[in-house]
Amino acid sequence: MCGIVGYVGVKPAMPILLDSLEKLEYRGYDSAGVALISDSGIMIRKTRGRIADLRKIVASVPADDCTVGIGHTRWATHGEPSDVNSHPHLSKSGRVAVVHNGIIENYIELREYLRARGYSFSTETDSEVVSELIDYWYNGDPVAAVRKAEQQLKGSYALGILFAEFPEQIIALRKDSPLIVGIGEGENFIASDIPAILKHTREVFRLGERELAILTRRRVTVFDHLGNQVRHETEHIAWDATAAEKGGYSHFMIKEIFEQPDAIAKTIAPRIDDELNIRLGFKSITDEDIRNINSIKITACGSAYHVGVVAKHFLKKTLNIPVEAELASEFRYDDPIIDEHTLVIIVSQSGETLDTLYALREAKKRGARVVSIVNVVASSIANESEEVLYTWAGPEIAVATTKAYSTQLALIELLCLYMAGIRGSMTKAEIDGEIRAMQAIPAGVQSLLDNVKSVQYIASLYFNCQDVFFIGRNIDYALSLEASLKLKEISYIHSEAYAAGELKHGSISLIEDGTLVIALCTYRPLLEKMVSNIKEVKARGAKVIAVINHDDTQTEAVADHVIRIPECKDIAVASLTIVPLQLLAYYIASLKGCDIDKPRNLAKSVTVE
Ligand code: F6R
């Protein structure tokens with residue numbers, strides 16, 4: 001997804017902007033550019049490709065005197081990745097430069113509007129219309145011009161704007177796309193995310209919906225959409241600067257996989273007191289409300305949705321009410337049957353996924369009670385939710401999620417036990433037992449991470465395969481969905497997840513000599529059936545890797561390779577089972593030489609529908 005940075009201060013802006021853009025590379029991009037205020041007006045340099053390509057282009061540009069600028073990494077939506085479509089966009093008059101993250105939905109209409117008034121366009125982007133529209137309204141007052149233009153914009157936008165006639169300021173504005181402001185000593189910043197500016201300041205705040213900020217090197221002034229001045233307390237970011245870096249690992253993804261024991265412990269431990277009571281700190285949802293809930297819907301995208309599919313099983317079993325998991329992109333358009341007795345659980349690492357944000361709004365509109373599980377503090381989903389439970393996973397940089405998934409899973413399990421206690425569907429003693437099992441998850445994950453050799457060996461045997469089928473039943477099927485996504489997104493190997501019982505209804509026709517099948521066999525009630533499924537695919541020539549419980553000899557006897565999960569209670573099994581499968585995906589992708597942290601075509605934060 002596009003990334004925005006901006007700097008206003010006394011230091012040369014170019015190196016700061018380039019460095020900050022590099023910190024946003026994890027968001028996924030295909031081109032990059034900068035705009036700087038120079039003595040002769042706004043200077044733009046941009047290119048298709050990586051920041052390294054941009055660095056080559058700007059190397060010979062004399063810019064040491066330029067201390068104000070904006071930068072952008074573009075993830076193409078409207079128009080191919082190309083030099084001309086890259087941001088920043090400079091209005092034809094040279095007066096206004098804009099970087100944009102989001103989508104201007106009515107850009108075609110606005111182009112016609114501006115063409116009729118003598119404007120022309122040279123890119124295929126939706127964003128170019130913003131610089132020209134602001135230029136059209138500009139009459140010496142930058143804020144008035146931006147606000148006038150904003151009234152005509154439909155869609156989502158985070159904007160960084162330079163005016164040639166106001167060389168000492170940046171204007172920032174956002175709606176439905178993230179933007180933070182960083183406060184420094186005699187310098188100020190804007191960025192799409194915190195790692196971009198962490199090297200320069202730890203004092204940040206998030207710009208609210210439709211807020212406009214004017215940044216000079218001495219001050220930042222913020223106005224709401226009605227023009228009232230708004231004061232923001234800054235948040236001190238305590239992360240070690242290296243927490244946003246790789247810290248000695250080859251990739252962010254493997255670093256984040258290894259951070260899981262700590263991330264899970266940090267997410268659950270502070271919410272469990274010495275008497276094993278769960279403390280979630282709800283402000284508006286009361287015990288009475290929880291007793292009155294008669295159904296649950298979990299909605300999210302991608303891996304976060306997969307968390308919901310796993311959670312559905314134990315929420316239903318534990319609370320004995322209907323529970324559904326639905327893709328956020330479908331939920332919103334599916335006339336969801338929900339009311340004030342429905343609990344909608346929203347799951348999102350970034351808190352900015354637009355489909356999920358819209359699903360949240362739909363749920364609220366229909367009167368549901370809403371709890372969001374979010375990793376990024378004060379993100380849009382967090383801000384708009386009735387109740388927020390933060391996963392304390394720390395920044396997740398690799399595009400493929402791992403530690404966010406694990407912490408989401410643990411937190412939703414904790415929510416489930418919390419509700420079970422209030423509704424009386426479990427006794428205190430039963431809940432205590434489950435909590436103890438959850439407290440043991442970090443150690444269980446650690447023991448899997450201490451023994452990666454067997455997974456590396458299996459990866460070395462199969463990294464050249466063309467197709468992989470993940471099969472499982474019940475929670476194992478839910479986990480297969482995530483395991484399959486992990487493999488395909490970073491290794492580009494075609495993989496599918498099937499409910500094992502469905503195989504013989506069609507997909508088994510794809511199994512031939514040497515096809516790799518990964519069978520998840522941890523769900524004890526259906527183990528016999530999984531063993532039969534393994535025999536069925538083996539009879540057709542498949543090679544089978546089985547993920548099994550510590551004491552399972554039955555599956556071991558039929559599979560080609562096994563990966564054992566350490567002894568644990570049922571509630572912990574899912575959290576452990578996913579770990580070797582994340583590792584397998586990682587080592588396979590690594591052996592194939594893939595760009596693991598930034599897989600092709602993918603973005604970390606998907607802020608478009
Ligand atoms: C896959 C992955 C994505 C995200 C999805 C939702 O590894 O990371 O499928 O899970 O895009 O993102 P969030 O959780 O930020 O809403």
Side-chain angles (χ1 to χ4, degrees), residues 1 26-28 75 101 156 176-178 192-193 251-254 256-257 260 263 267 298-311 325-332 344-361 372-385 388-391 393-409 411-412 478-492 495 497 578-579 581-586 589 594-609:
M1 214 48 28
Y26 68 87
R27 295 167 70 86
W75 188 73
N101 173 21
S156 56
D176 290 342
S177 291
S192 296
D193 202 357
H251 299 96
F252 282 112
M253 183 178 174
I254 190 71
E256 288 160 8
I257 289 175
Q260 288 180 111
T267 298
I298 310 164
T299 185
C301 298
S303 296
Y305 162 74
H306 296 158
V307 168
V309 186
V310 177
E326 193 166 358
L327 291 163
S329 51
E330 294 290 324
F331 177 90
R332 179 180 174 219
V344 172
I345 303 176
I346 303 279
V347 188
S348 176
Q349 186 282 128
S350 61
E352 301 293 349
T353 302
L354 204 64
D355 283 322
T356 313
L357 179 62
Y358 286 159
L360 161 70
R361 290 180 184 166
S372 292
I373 294 182
V374 177
N375 194 41
V376 178
V377 174
S379 52
S380 301
I381 289 174
N383 282 345
E384 293 189 26
S385 296
V388 188
L389 294 175
Y390 285 111
T391 46
E396 191 178 63
I397 308 294
V399 164
T401 183
T402 52
K403 62 176 179 170
Y405 175 92
S406 301
T407 50
Q408 287 159 355
L409 191 56
L411 195 46
I412 211 166
L479 289 165
S480 299
L481 293 169
E482 176 59 5
S484 171
L485 179 66
K486 223 62 323 160
L487 180 67
K488 75 175 82 153
E489 67 183 331
I490 59 167
S491 74
Y492 316 140
S495 79
I578 197 61
V579 175
L581 297 168
Q582 294 168 339
L583 287 166
L584 187 65
Y586 174 80
C594 297
D595 191 357
I596 294 181
D597 286 336
K598 291 179 282 257
R600 68 185 180 205
N601 306 338
L602 291 179
K604 181 68 181 163
S605 181
V606 185
T607 49
V608 292
E609 254 193 290

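All ligand and atom numbering here is 1-based and tracks the order in the structure. We're numbering straight along the sequence, starting at 1.
In this structure, the protein non-hydrogen atom closest to atom 11 (O) of ligand 1 is Val606 CG2, 4.2 Å. The nearest protein atom to atom 3 (C) of ligand 1, hydrogens excluded, is given as Ser303 N, 4.0 Å; this is a heavy-atom distance. In terms of protein heavy-atom proximity, atom 13 (P) of ligand 1 is nearest to Thr353 OG1, 3.2 Å.
Using modelled atom types, one finds a donor on one side chain and an acceptor on the other under 3.5 Å when comparing Ser303 with Glu482. Using modelled atom types, one finds a donor on one side chain and an acceptor on the other under 3.5 Å when comparing Ser484 with Ser495.
Residue Val399 places a heavy atom less than 4.0 Å from ligand 1. For Lys486, the closest heavy-atom approach to ligand 1 falls below 4.0 Å.
Counting atoms of ligand 1 from 1 in the listed order, those under 4.0 Å from a heavy atom of Gln349 are 13 (P), 14 (O), 15 (O), 16 (O). In summary, the atoms of ligand 1 found under 4.0 Å from a heavy atom of Ala304, numbered by their order in the structure, are 10 (O), 14 (O). Near Glu489, meaning under 4.0 Å from one of its heavy atoms, ligand 1 places the atoms 1 (C), 7 (O).
When atom types are taken as modelled, the side chain of Asn375 and the backbone of Pro395 share no donor-acceptor pair closer than 3.5 angstrom. Side-chain atoms of Ser177 come within 3.5 Å of backbone N or O of Asn101 as a donor-acceptor pair. Ser406 places a side-chain N or O within 3.5 Å of a backbone atom of Thr402 that can act as its donor or acceptor partner.
When the heavy atoms of Gly302, Cys301, Ser350, Ala328 are ranked by distance to atom 6 (C) of ligand 1, first place goes to Cys301.
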Test side chain to side chain contact (heavy atoms under 4.5 Å, CB included) on Asp597 and Ile397 and set out the steps.
-> CA-CA 8 Å; Asp597 286 336; Ile397 308 294; over 6 Å; no
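For Lys403 and Glu396, the salt-bridge test fails: no basic side-chain N is under 4.0 Å from an acidic carboxylate O.
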